[in-house]
Amino acid sequence: MGTLNINHELDDQIFNTINPLDPEEFRRQGHKIVNFLADYYQNIEQYPVCSQVNPGYLQNIVPNSAPNNPESLDKILKDVQNDIIPGLTHWQSPNFFAYFPSSGSTVGFVGEMLSVGFNVVGFNWISSPAATELESIVMDWFGKMLNLPNCFLFASGGGGVLQGTTCEAILCTIVAARDQMLRKISRENFGKLVVYASGQTHFSLKKSAHIAGIDPGNFRVIPTIKAKEYTLCPKSLRLAILNDLKEGNVPLFLCATIGTTSTTSVDPLRLLCDISKEFGIWVHVDAAYVGSACICPEFQVFLDGVENANSFSLNDPSALTNALSTNLEFLRNKATELNQVIDYKDWQIALSRRFRALKLWLVLRSYGVTNLRNLIRSHVNMTKHFEGLIAMDKRFEIFVPRKFAMVCFRISPLVLSQVSIKFDDEKEVNMFNTKLLESINSCSKLYLTHGIVGGTYIIRFAIGASLTHYRHVDIA
């Protein structure tokens with residue numbers, strides 16, 4: 001008994017020294033963090049949109065080892081202000097028009113705080129039933145918002161899962177398609193599997209195919225042309241498939257894109273699905289950019305034919321779980337064995353997973369579908385406004401027709417040819433536009449990025465930051 005008392009005293013000493021989850025300390029620190037972030041957003045336009053630091057800048061500021069003794073949150077936040085913020089590119093700045101902007105919201109932050117605060121690891125149902133059941137509910141909500149066919153909803157045998165990244169989602173679908181096909185043709189034919197994409201498909205597909213073990217020589221990139229707005233041509237796809245069949249290969253997987261990264265082009269989904277179905281090819285629809293816009297009824301026309309796809313961010317669960325299921329002894333529980341529940345560990349690559357659904361649930365409930373649609377429409381309307389301003393200036397040309405909230409443009413080669421005969425050369429035109437974009441970004445007042453499509457350098461102007469208003473577009 002004496003020894004036990006000593007151990008209890010030692011435990012008390014340890015927990016008196018550090019208590020990582022003291023409720024009152026959390027309350028105190030939480031208020032400081034919220035105030036810090038509120039001040040950040042209040043002053044966000046004062047910062048250079050794109051970080052101006054040099055590589056390795058932080059190594060010269062931060063000590064080369066962790067402190068032995070605790071430091072106050074006030075001191076740490078001061079270092080965040082002085083050392084970290086200069087190294088940030090401010091994605092939530094109203095003058096951020098690069099890549100595809102990532103909209104944020106105060107409710108999203110609160111949802112993230114709740115998710116991190118509960119800190120559950122929801123790999124299967126029993127590990128936190130609410131995490132699993134809420135995700136299945138909000139994924140059906142989202143499917144209905146997109147007006148997806150019932151076959152994509154849990155109620156009709158489909159279902160959805162929140163993945164961490166687009167690359168993870170595509171990798172999961174390739175693995176599901178791969179294993180489904182190998183059960184038909186045997187694993188001896190693994191090296192014959194072929195994946196198809198257009199020249200505009202996101203690079204994550206090639207990375208995912210490589211991770212899934214697809215022979216790099218069997219990754220088919222079908223060229224696109226400006227006359228077809230850089231969409232994937234069904235006839236070209238059919239020819240590629242027939243050629244592979246002639247060579248004894250096995251067509252496996254097609255990624256069709258609704259809103260490509262470079263130009264937001266929309267592949268002809270229905271025609272591509274018809275061809276793929278004819279040859280037994282799995283079709284994945286990558287709508288990472290346009291998918292959220294399709295909660296607006298006027299954009300759902302771009303999903304025509306999705307009912308014939310195998311996956312659209314919401315995957316075929318039987319094929320997926322057959323490929324990714326894990327049934328380790330320590331994970332066994334009655335609900336799973338009776339097939340009464342979903343175990344999301346079998347819907348993703350990793351075992352562990354966060355309570356992501358809580359954040360989405362809060363956002364959907366706090367703003368409502370109507371307000372979310374109006375926010376997306378406001379971004380599209382501001383982009384139309386920018387497009388009109390660019391079209392009024394004869395020095396510029398709109399490179400491809402605008403469909404959503406991004407304008408692709410460049411200095412017109414015709415204008416440049418009037419300045420110097422050298423600009424008849426496409427390389428020189430590209431170089432001039434490159435220097436123009438570098439000049440724009442170097443002013444630190446706004447941030448844009450570029451794309452190269454069919455050898456042509458274009459400037460991309462994408463609107464999506466929550467704080468952006470017409471005045472920011474006019475200044476840009």
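- Contact annotation: the side chain of Leu372 approaches that of Leu364 to within less than 4.5 Å [non-hydrogen atoms, C-beta and beyond].
- Residues Pro94 and Ile44 meet the side-chain proximity criterion, which asks for heavy atoms closer than 4.5 Å.
- Qualifying salt bridge (charged side-chain N to carboxylate O under 4.0 Å, His left out) partners for Lys32, counting only residues two or more places apart in sequence or in other chains: Asp74.
- Thr434 pairs by the side-chain hydrogen bond (donor to acceptor under 3.5 Å, both in side chains) definition with nothing, not counting sequence neighbours.
- The heavy-atom pair separating Lys207 from Cys167 by the smallest distance is CD-SG, 4.1 Å.
- Remark: Arg402 pairs with Glu387 by the salt bridge (charged side-chain N to carboxylate O under 4.0 Å, His left out) rule, at least two apart or across chains.
- In terms of heavy-atom proximity, Ser444 sits nearest to Gln52 at CB-NE2, 3.9 Å.
- Residues satisfying the side-chain hydrogen bond (donor to acceptor under 3.5 Å, both in side chains) test with Asn54, not counting sequence neighbours, are none.
- For Asp39, there are no salt bridge (charged side-chain N to carboxylate O under 4.0 Å, His left out) partners, not counting sequence neighbours.
- Using a 4.5 Å heavy-atom threshold, the side chains of Thr468 and Met382 count as touching.
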Point to revise | side-chain contact (heavy atoms from CB on, under 4.5 Å) evaluation trace for Phe302 with Lys403 | key: CA-CA 10 Å; Phe302 295 110; Lys403 290 185 176 65; 4.2 Å; yes
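- Contact between Ala131 and Phe355 at its shortest, heavy atoms only, is CA-CE2, 3.4 Å.
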Side-chain donor-acceptor pairs of residues 95-107 under 3.5 Å, sequence neighbours excluded:
residue: Tyr99; atom: OH; partner: Tyr447; partner atom: OH; Å: 3.0
residue: Ser103; atom: OG; partner: Gly464; partner atom: O; Å: 2.4
residue: Ser105; atom: OG; partner: Gly108; partner atom: N; Å: 2.9

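- Within the structure, every pair that satisfies the salt bridge (Lys or Arg N to Asp or Glu O under 4.0 Å) test and touches residues 44-70, not counting sequence neighbours, is listed here: Glu45-Arg471.
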Practice item. In sequence, state the C-alpha distance, the side-chain angles, and the governing distance for Thr89 and Cys50, and then conclude on side-chain contact (heavy atoms from CB on, under 4.5 Å). Key: CA-CA 4 Å; Thr89 290; Cys50 185; 4.0 Å; yes
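- Judged purely by atom type and a 3.5 angstrom limit, His31 has no side-chain atom pairing as donor or acceptor with the backbone of Arg28.
- Taking the six-membered ring for Trp, Phe461 and Phe409 have ring centres at least 6.0 Å apart.
- A side-chain donor-acceptor contact under 3.5 Å links Asp140 to the backbone of Phe154.
- Taking the side chain as every heavy atom from C-beta outward, Leu375 and Asn371 never approach each other to under 4.5 Å.
- The side chain to side chain contact (heavy atoms under 4.5 Å, CB included) check on His385 picks up Leu389, Tyr470, Val473, Asp474, with sequence neighbours excluded.
- At distances below 3.5 Å, not a single donor-acceptor pair connects side-chain atoms of Ser265 with backbone N or O atoms of Thr231.
- Side chains of Asp83 and Tyr57 form no contact here, defined as non-hydrogen atoms less than 4.5 Å apart.
- Annotation for Ser262 and Ile458: closest pair O-CD1, 3.8 Å, computed over non-hydrogen atoms.
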Practice item. Give the intermediate values and the outcome of side-chain contact (heavy atoms from CB on, under 4.5 Å) for residues Leu205 and Asp286. Key: CA-CA 10 Å; Leu205 175 64; Asp286 176 8; over 6 Å; no
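- The shortest side-chain heavy-atom distance between Phe36 and Gln81 falls under the 4.5 Å cut-off.
- In this structure, the side chains of Thr201 and Thr260 stay at 4.5 Å or more apart for every pair of heavy atoms.
- Rounded to the nearest 0.5 Å, atoms CD1 (Ile440) and CG (Leu436) are 4.0 Å apart.
- Here Asn35 pairs with nothing under the side-chain hydrogen bond (donor to acceptor under 3.5 Å, both in side chains) rule; sequence neighbours left out.
- With sequence neighbours excluded, the residues that form a ring-ring contact (aromatic ring centres under 6.0 Å, His included) with Tyr41 are Phe109.
- What you find for Gly199 and Val221 is that their closest heavy atoms are CA-CG1, 3.7 Å.
- For Asn147 against Gln300, the heavy-atom pair with the smallest separation is CB-OE1, 3.3 Å.
- Applying the side-chain hydrogen bond (donor to acceptor under 3.5 Å, both in side chains) rule to Glu112 yields the partners Arg354, Lys359; only residues at least two apart in sequence or on another chain are considered.
- Listed by chain and residue number, nothing satisfies the ring-ring contact (aromatic ring centres under 6.0 Å, His included) test with His202 (two or more places apart in sequence, or in another chain).
- At least one side-chain heavy atom of Leu254 sits under 4.5 Å from a side-chain heavy atom of Leu232.
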